[in-house]
*Asks:* 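Mind looking over this structure? Questions follow.
Keep in mind that the numbers below use all heavy atoms, side chains included, and drop hydrogens, waters and symmetry copies. No experiment lies behind these values; they were computed from the predicted model shown.
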Amino acid sequence: MKNVPCLLSSGVVTTISKLTKTCVLRLTPDNLFFILSGKVTNGGVGMWCELLQNNFFDEYQMEGVSSEFNQICLEVSPENLSRALRTVQCAKSVKIKLTKKHCACLTVAAELPTLSSASRVVTHDVPVEVIPRRLWQEFKEPVMPDFDVSIYLPPLKMLKNVVDRMKNLSNFLVIEANLNGEMNLKIQTDLVSVSTHFKDLGNPPWGPSQRGDPELLAEATVDIRKLQQFLVGQQVNPTKAMCNIVHQNVVHLILLHEDVSLQYFIPAVA
């Protein structure tokens with residue numbers, strides 16, 4: 001592995017460990033994917049995180065089921081993987097291998113520096129479950145939803161502070177945005193109505209056509225805990241952060257970093 005601190009400092013594994021207790025790690029010759037295939041239509045969140053392997057590894061060898069199906073899918077606890085990687089940040093070199101011990105494991109073997117010339121190797125076994133090929137179809141890249149509005153997000157720390165305060169008032173949050181770079185976060189209950197307004201956020205160039213009214217707001221009501229969970233665990237420090245809204249259907253969050261892309265889907269509630 002090229003640089004364990006790189007994998008950690010990018011915040012990928014730590015962020016994912018805050019979002020889910022288990023996920024699927026899909027390995028292909030060129031990429032690593034962390035996938036949470038929640039059925040958004042049934043109220044579950046979904047996640048798709050993509051990393052280029054050559055940004056993290058000096059040597060990378062994998063052999064899938066066959067040349068036609070050259071990939072490996074594993075169910076893993078991101079918290080266990082994050083904990084194993086944290087303990088070897090100062091290592092001279094690190095190897096990660098899929099091994100068979102008491103069960104299938106991702107074995108993290110690290111050569112640690114010592115005061116003498118002798119090296120010290122520390123090994124961590126992270127249990128995984130190998131997913132059979134008949135289930136792989138569940139872990140394909142999600143289709144980009146046919147969204148009504150795409151908008152850049154305000155600074156995530158600012159957004160987190162707003163959502164943290166609103167969480168004390170309601171379990172649900174209305175997210176509104178338009179093609180004029182405006183976003184509103186709203187809480188509406190029988191006792192209180194609170195709104196936070198952002199403007200001049202800008203809209204990504206691939207957004208819906210501007211032929212419609214740019215002032216028209218698309219909205220979705222979401223479980224505020226699912227949005228807060230995403231923001232609390234956020235350590236990717238993205239260069240770009242965007243939000244797509246399918247009116248009254250789903251909120252699709254996208255974070256882009258130099259070597260990482262993370263998509264997160266939060267279903268709307270009625």
*Asks:* Would you please test L179 and D213 for side-chain contact (heavy atoms from CB on, under 4.5 Å) and show each step?
*Replies:* CA-CA 8 Å; L179 296 176; D213 182 0; over 6 Å; no
*Asks:* Heavy atoms only: give me the nearest I151-N178 pair and the separation to one decimal.
*Replies:* CD1-O, 4.1 Å
*Asks:* Which heavy atom of I245 sits nearest to which heavy atom of F147, and what is that distance?
*Replies:* O-CB, 3.5 Å
*Asks:* Determine whether V222 and V269 make a side-chain contact, defined as any pair of heavy atoms from C-beta on separated by less than 4.5 Å.
*Replies:* no
*Asks:* Hey, could you give me the CG/CG distance between D148 and L217, rounded to the nearest 0.5 Å?
*Replies:* 11.5 Å
*Asks:* Closer than 3.5 angstrom, by distance alone: can the side chain of N180 be matched with the main-chain N or O of E182 as a donor-acceptor pair?
*Replies:* no
*Asks:* How long is the span from the CG atom in N31 to the OG1 atom in T28, to the nearest 0.5 Å?
*Replies:* 4.5 Å
*Asks:* What residues, two or more places apart in sequence or in another chain, satisfy side chain to side chain contact (heavy atoms under 4.5 Å, CB included) together with P142?
*Replies:* W48, Q263, F265
*Asks:* Among all residues two or more places apart in sequence or in another chain, which pass the ring pair (Phe, Tyr, Trp, His ring centres under 6.0 Å) test with Y152?
*Replies:* none
*Asks:* Would you check, one step at a time, whether the test side-chain contact (heavy atoms from CB on, under 4.5 Å) holds for T107 with I96?
*Replies:* CA-CA 6 Å; T107 296; I96 300 179; over 6 Å; no
*Asks:* Between L253 and L153, is any pair of side-chain heavy atoms under 4.5 Å apart?
*Replies:* yes
*Asks:* Report the residues that fulfil side chain to side chain donor-acceptor pair (under 3.5 Å) with H124, sequence neighbours left out, ordered by chain and then residue number.
*Replies:* T87
*Asks:* Tell me, which pairs form a salt bridge (Lys or Arg N to Asp or Glu O under 4.0 Å) where one or both residues lie in residues 112-122, sequence neighbours left out?
*Replies:* none
*Asks:* Kindly write out the residues that satisfy salt bridge (Lys or Arg N to Asp or Glu O under 4.0 Å) with K160, not counting sequence neighbours, or none if the list is empty.
*Replies:* D164
*Asks:* List in chain and number order the residues that pass salt bridge (Lys or Arg N to Asp or Glu O under 4.0 Å) with E111, two or more places apart in sequence or in another chain; answer none if no residue qualifies.
*Replies:* K92
*Asks:* Considering residues at least two apart in sequence or located in another chain, which fulfil the salt bridge (Lys or Arg N to Asp or Glu O under 4.0 Å) criterion with R225?
*Replies:* D223
*Asks:* Test of understanding: clusters of I, L, V, M, F, W, Y form through side-chain heavy atoms closer than 4.5 Å, transitively. Do M183 and M158 belong to the same one?
*Replies:* yes
*Asks:* Could you work out, with side chain to side chain donor-acceptor pair (under 3.5 Å) as the rule, every residue matching E176, not counting sequence neighbours?
*Replies:* N184, K186
*Asks:* Would you say the side chain of F57 lies within less than 4.5 Å of the side chain of L32, judging by non-hydrogen atoms?
*Replies:* yes
*Asks:* Cluster partners of L52, using ILVMFWY side-chain heavy atoms under 4.5 angstrom, listed by chain and number?
*Replies:* none
*Asks:* Between V94 and A110, which heavy-atom pair has the shortest distance, and what is it?
*Replies:* CG2-CB, 4.1 Å
*Asks:* Any ring-ring contact (aromatic ring centres under 6.0 Å, His included) involving residues 86-108? Give me the pairs, sequence neighbours left out, ordered by first then second residue.
*Replies:* none
*Asks:* If you round to the nearest 0.5 Å, how far is OG1 of T15 from NE2 of H257?
*Replies:* 10.5 Å
*Asks:* Report yes if the side chains of M47 and I16 come closer than 4.5 Å at any heavy-atom pair, otherwise no.
*Replies:* yes
*Asks:* State the CD-CD1 distance between Q229 and I224, to the nearest 0.5 angstrom.
*Replies:* 13.0 Å
*Asks:* Output all residues satisfying side chain to side chain donor-acceptor pair (under 3.5 Å) with K101, sequence neighbours left out; order by chain, then residue number.
*Replies:* D125
*Asks:* Would you find a donor on one side and an acceptor on the other, under 3.5 Å apart, between the side chain of S82 and the backbone of E79?
*Replies:* no
*Asks:* Is the shortest side-chain heavy-atom distance between C105 and L98 below 4.5 Å?
*Replies:* no
*Asks:* With a 4.5 Å limit on heavy-atom distance, are the side chains of M166 and V194 in contact?
*Replies:* yes
*Asks:* I'd like to know if the side chain of N203 and the backbone of S150 have a donor-acceptor N/O pair within less than 3.5 Å.
*Replies:* yes
*Asks:* Determine whether V246 and F172 fall in the same hydrophobic cluster, where Ile, Leu, Val, Met, Phe, Trp and Tyr are linked whenever their side-chain heavy atoms lie under 4.5 Å apart.
*Replies:* no
*Asks:* With rounding to the nearest 0.5 angstrom, report the NZ to OH distance, K226 to Y264.
*Replies:* 8.0 Å
*Asks:* If you compare all heavy atoms of M62 against all heavy atoms of P29, which two are closest, and at what distance to 0.1 Å?
*Replies:* SD-N, 3.5 Å
*Asks:* Does some side-chain heavy atom of L262 sit less than 4.5 Å from a side-chain heavy atom of I254?
*Replies:* no
*Asks:* Provide the closest heavy-atom pair for C49 versus V260 in the form atom of the first, atom of the second, distance.
*Replies:* SG-CG1, 3.9 Å
*Asks:* What about F33 and L135, same hydrophobic cluster or not, with Ile/Leu/Val/Met/Phe/Trp/Tyr joined at side-chain heavy-atom distances under 4.5 Å?
*Replies:* yes
*Asks:* Side-chain contact test, heavy atoms from C-beta onward, threshold under 4.5 Å: evaluate it for S195 versus L185 and give yes or no.
*Replies:* no
*Asks:* Could you walk me through whether F230 and L255 pass side-chain contact (heavy atoms from CB on, under 4.5 Å), step by step?
*Replies:* CA-CA 11 Å; F230 175 79; L255 304 182; 3.6 Å; yes
*Asks:* Going hydrophobic residue to hydrophobic residue with side-chain gaps under 4.5 angstrom, can you get from L231 over to V174?
*Replies:* no
*Asks:* Donor-acceptor pairs are to be reported for all side-chain atoms of residues 68-77 against protein atoms at under 3.5 Å, with residues two or more places apart or in another chain.
*Replies:*
| residue | atom | partner | partner atom | Å |
| --- | --- | --- | --- | --- |
| N70 | OD1 | G64 | N | 2.9 |
| Q71 | OE1 | R26 | NE | 2.8 |
| S77 | OG | N80 | N | 3.3 |

*Asks:* For D146, does the CG atom sit with more than 12 other heavy atoms under 6.0 Å from it, leaving out its own atoms?
*Replies:* no
*Asks:* After noting the C-alpha distance and the side-chain angles of V149 and N244, does the key distance pass the side-chain contact (heavy atoms from CB on, under 4.5 Å) rule?
*Replies:* CA-CA 6 Å; V149 166; N244 298 329; over 6 Å; no
*Asks:* Any idea which heavy atoms bring T189 and L169 closest together, and the distance?
*Replies:* CG2-O, 4.0 Å
*Asks:* Give, for atom CD1 of I35 and atom CG of L25, the distance between the pair rounded to the nearest 0.5 Å.
*Replies:* 8.5 Å
*Asks:* Any link between V128 and L36 through a network of hydrophobic side chains (Ile, Leu, Val, Met, Phe, Trp, Tyr) touching at under 4.5 Å?
*Replies:* yes
